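The figures here come from the full heavy-atom set of this structure, side chains too, leaving out hydrogens, waters and symmetry mates. Since we're looking at a predicted model, the values are computed, not measured.
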Amino acid sequence: MSLAERHIPDRLTNPLQRALKSWEALLLVVAVTVFIINSLSSPYFLDAWNLSDATFNFTEKAMIAFAMALLIISGEIDLSVASIIALASTAMGAAVQFGAGTTEIVLIGLLVGLICGAFNGGLVTVLGLPSIVVTIGTMSLFRGISYIVLGDQAYGGYPRSFAFFGQGYVWWVISFEIVLFFVLAAAFWVLLHKTNFGRSVYAIGNNPTAALFSGIRVQRVKFILFMLTGLMAGVAAVCLTSRLGSTRPSIAVGWELEVVTMVVLGGINILGGSGSIPGVVIAAFVMGMVTFGFGLLNVPGIVMSIFIGLLLIGVIALPRLWSMFIARRG
Amino acid sequence: MVKQLTSARETILFAAILAILVLVTTRFPGFIAPGNLIDVFNDTSPLIILALGQMAVILTRCIDLSVAANLALTGMIVATLNSVNPDLPIVFIPILAVLIGAALGAINGILVWKLEIPPIVVTLGTMTIFRGIIFVISDGNWINAHEMSPAFTALPRAIFLGLPVLSWFAIVIMVASYVVITRTPLGRAFFAVGGNPHAAVYTGISIGKTQFAAFVLSGALAGLTGYLWVARYAVAYVDIAGGFELEVVAACVIGGISIAGGVGSVGGAILGAIFLGIVKNALPVVNISPFWQLAISGSAIIIAVAFNAQSSRTKGRVILKKAEHAT
């Protein structure tokens, strides 16, 4: 930590060695371990259909987590994602009441997500407000609108073809959602790791002032990231609504926490500036497998949430404890 | 002095509260009857107590999202204790609640202080952990009125000098917070750490310790509220006060406490809480569905934070003008 300890490398480390020591490699070991423990502890785990079902535990959350990862790398956060799902789902449900077809329903879901994201982004970038407070506010506001519209009612009656997004299978046990998950993972990997836009996201997260002076339109990039996060929440809303087949205002309550946990577990620095998409992909699998394993062992959902909370804190605490331990010894 | 008073955040908020009262009264004159206002204040008391604790945390540039879960967990623990051992003298219960709450707050504080984990992550995590622990303790069951001793549920509702004890708790804590925030080194430290952490370190204030103290304070108040809440409603279960942390943060933001730290006042936090309390109690009176509550507090947060940013901007300009005039 201190200056004296800082070590400036004079040669490139072996890429293979670096990859083996990376956070992603550690996560992969965890994922494999969880997989093995699960298959040993429950005879129902190693079944193609069960495993396929298990992926629904994380695919929708992971879609948001990809965009959230970029947002957190840039030094902002969006706690309103679960409420965006609620609002988008409510809008889709309302559209059904007006006789909208599947295409319109999906477009409305995506559009509402995009608008909500733009609203967050506008408040943060145009008015210069802190994203934590803004999105805590919109978290109440968006879900609040769903409650105003729906109250204690529910929307249903989605057309049969709409069910494909959450319940459809592309081939055998390969669901539409898992395919979408991998396509989006690839798209976000390219966006973050292979484009100028991605580099500017890292630059903003590390030093917004320096990024501004090097010609990056900081506010515009952040605005786009908020819109992207809203859009992905819209995509998740389409999948989730299609999977559940109904809309209640309490849909996806508490998801913001799980999405942020997934992002942090994936090795994204919560203070911004570093992290990778492959990390988030593996973290999604770890969380999905753990919840599925617990579910097979009849552990109630709320007890799993203890585990998720511990995971969120532990993932950040352990490396810090470790480096403190090393510093004290050295 | 007069100028300072008219431009102050508290005055504007006070005027807004009066405006709402007048507006509601035109529809329903009984709303401002003293008896009803006492009820509204009593109903808002938990929010006031929690907002004062949250204020200390926000002043030090942190945020405590675990207050509602802390409240629920402490409430469940004391209720369980009471149902298992009804002979435990009632005086110990609030003290115990404060201690349990403080211990839970200390967990947040330690993680922020020693491991320097961002407070939002810590309290988002402990929020779910605390709720989960309630489930483990209670096995998902409710503790109902008949399982609590009469003294346990009677205390917050007992009338003392015309006000329920719950309101008296809020009043005592309001006074105590005012003293701590404005008259003690700890209160100054909250402002110093939030206003300028580097300067605070150079004046010999430990940032971590101050933040730790703020979390313990917030936790202790949440614990106390936990007992008051459970006893007042005579029920304890996993989801009590669900989402209440947002209302607490909203009260602070509306009360002019800057989320960037270092700016705020006890009066602001109290008025922010009372504002939300009056809105909440006025909605059913003017025939607006309670489902509007969530959206209204959300909008209030956004408007308040936008207003905070705007007023701090104009304040900067005014200072410049003053300086120009002075030269």
Side-chain angles (χ1 to χ4, degrees), chain A residues 77 79-80 83 119-120 123 126-153 249 253-254 256-258 260-261 264 269-271 300-321 324, chain B residues 58 63 65-66 69 107-108 111 114-136 139-140 238-239 242-243 245-247 249-250 252-253 258-260 288-306 308-310 313:
Chain A
I77 196 165
L79 296 175
S80 72
S83 300
F119 186 70
N120 284 332
L123 287 170
V126 179
L127 294 180
L129 307 177
S131 58
I132 288 185
V133 199
V134 165
T135 56
I136 283 180
T138 52
M139 179 177 163
S140 306
L141 178 63
F142 296 153
R143 197 177 288 281
I145 297 173
S146 295
Y147 270 106
I148 292 173
V149 174
L150 275 170
D152 51 3
Q153 303 296 306
V253 161
E256 62 281 335
L257 172 74
E258 287 185 49
V260 172
T261 308
V264 172
N269 184 350
I270 190 77
L271 300 173
I302 187 141
V303 177
M304 283 186 219
S305 71
I306 299 185
F307 179 81
I308 304 236
L310 285 174
L311 202 64
L312 176 63
I313 296 176
V315 158
I316 306 180
L318 288 179
R320 294 192 187 197
L321 278 174
M324 277 163 79
Chain B
I58 294 182
I63 192 162
L65 295 177
S66 71
I107 297 174
N108 288 330
L111 288 167
K114 288 294 180 191
L115 292 178
E116 294 175 14
I117 306 177
I120 183 137
V121 178
V122 169
T123 56
L124 216 53
T126 50
M127 174 173 100
T128 41
I129 295 172
F130 292 166
R131 290 262 178 215
I133 294 174
I134 305 173
F135 182 88
V136 173
D139 206 18
V238 173
D239 287 325
E245 62 278 344
L246 294 182
E247 239 175 279
V249 173
C252 287
V253 173
S258 165
I259 211 79
I288 296 175
S289 143
F291 289 118
W292 280 74
Q293 173 77 34
L294 196 62
I296 288 179
S297 48
S299 319
I301 297 181
I302 297 167
I303 294 170
V305 71
N308 285 359
Q310 218 61 39
R313 237 173 258 162

When rounded to the nearest 0.5 angstrom, what distance separates [atom1] in [X] from [atom2] in [Y]?
{"X": "A:I145", "Y": "B:W292", "atom1": "CD1", "atom2": "CH2", "value": "9.0 Å"}
{"X": "B:I133", "Y": "A:S305", "atom1": "CD1", "atom2": "OG", "value": "10.0 Å"}
{"X": "B:L115", "Y": "A:I313", "atom1": "CG", "atom2": "CD1", "value": "10.0 Å"}
{"X": "B:I302", "Y": "A:M139", "atom1": "CD1", "atom2": "CE", "value": "12.5 Å"}
{"X": "A:L312", "Y": "B:T126", "atom1": "CG", "atom2": "OG1", "value": "9.5 Å"}

Measure [X] against the heavy atoms of chain A and call it side chain, backbone, both or neither at under 4.5 Å.
{"X": "B:E116", "result": "both"}
{"X": "B:I117", "result": "both"}
{"X": "B:V305", "result": "both"}
{"X": "B:V121", "result": "both"}
{"X": "B:L124", "result": "both"}
{"X": "B:I303", "result": "neither"}

Shortest non-hydrogen contact from [X] toward [Y]:
{"X": "A:S140", "Y": "B:L246", "value": "OG-CD1, 3.7 Å"}
{"X": "B:S299", "Y": "A:L141", "value": "OG-CD1, 3.3 Å"}
{"X": "A:I270", "Y": "B:P118", "value": "CG2-CG, 3.2 Å"}

Exercise for review: For the residue pair A:I136 and B:L65, establish whether any side-chain heavy-atom pair is separated by less than 4.5 Å.
Suggested key: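 A side-chain contact exists here, since the closest heavy-atom pair is under 4.5 Å.
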Practice item. Could you tell me whether the side chain of B:I259 reaches within less than 4.5 Å of the side chain of A:I132, counting heavy atoms only? Key: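 Contact flag for A:I132/B:I259 side chains = no.
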Given the options [options], which has more heavy-atom pairs under 4.5 Å with chain B than any of the others?
{"options": "A:L257, A:V260, A:I148", "value": "A:I148"}
{"options": "A:I77, A:V134, A:D152", "value": "A:D152"}
{"options": "A:P130, A:G151, A:S146", "value": "A:G151"}

[X] versus chain B, the contacting section by heavy-atom distance below 4.5 Å:
{"X": "A:L79", "result": "side chain"}
{"X": "A:L310", "result": "both"}
{"X": "A:L311", "result": "neither"}
{"X": "A:P249", "result": "neither"}
{"X": "A:M324", "result": "side chain"}

Point to revise | Most chain A-contacting option - heavy-atom pairs closer than 4.5 Å, from B:I301, B:I129, B:T128 | key: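 Between B:I301, B:I129, B:T128, the count favours B:I129.
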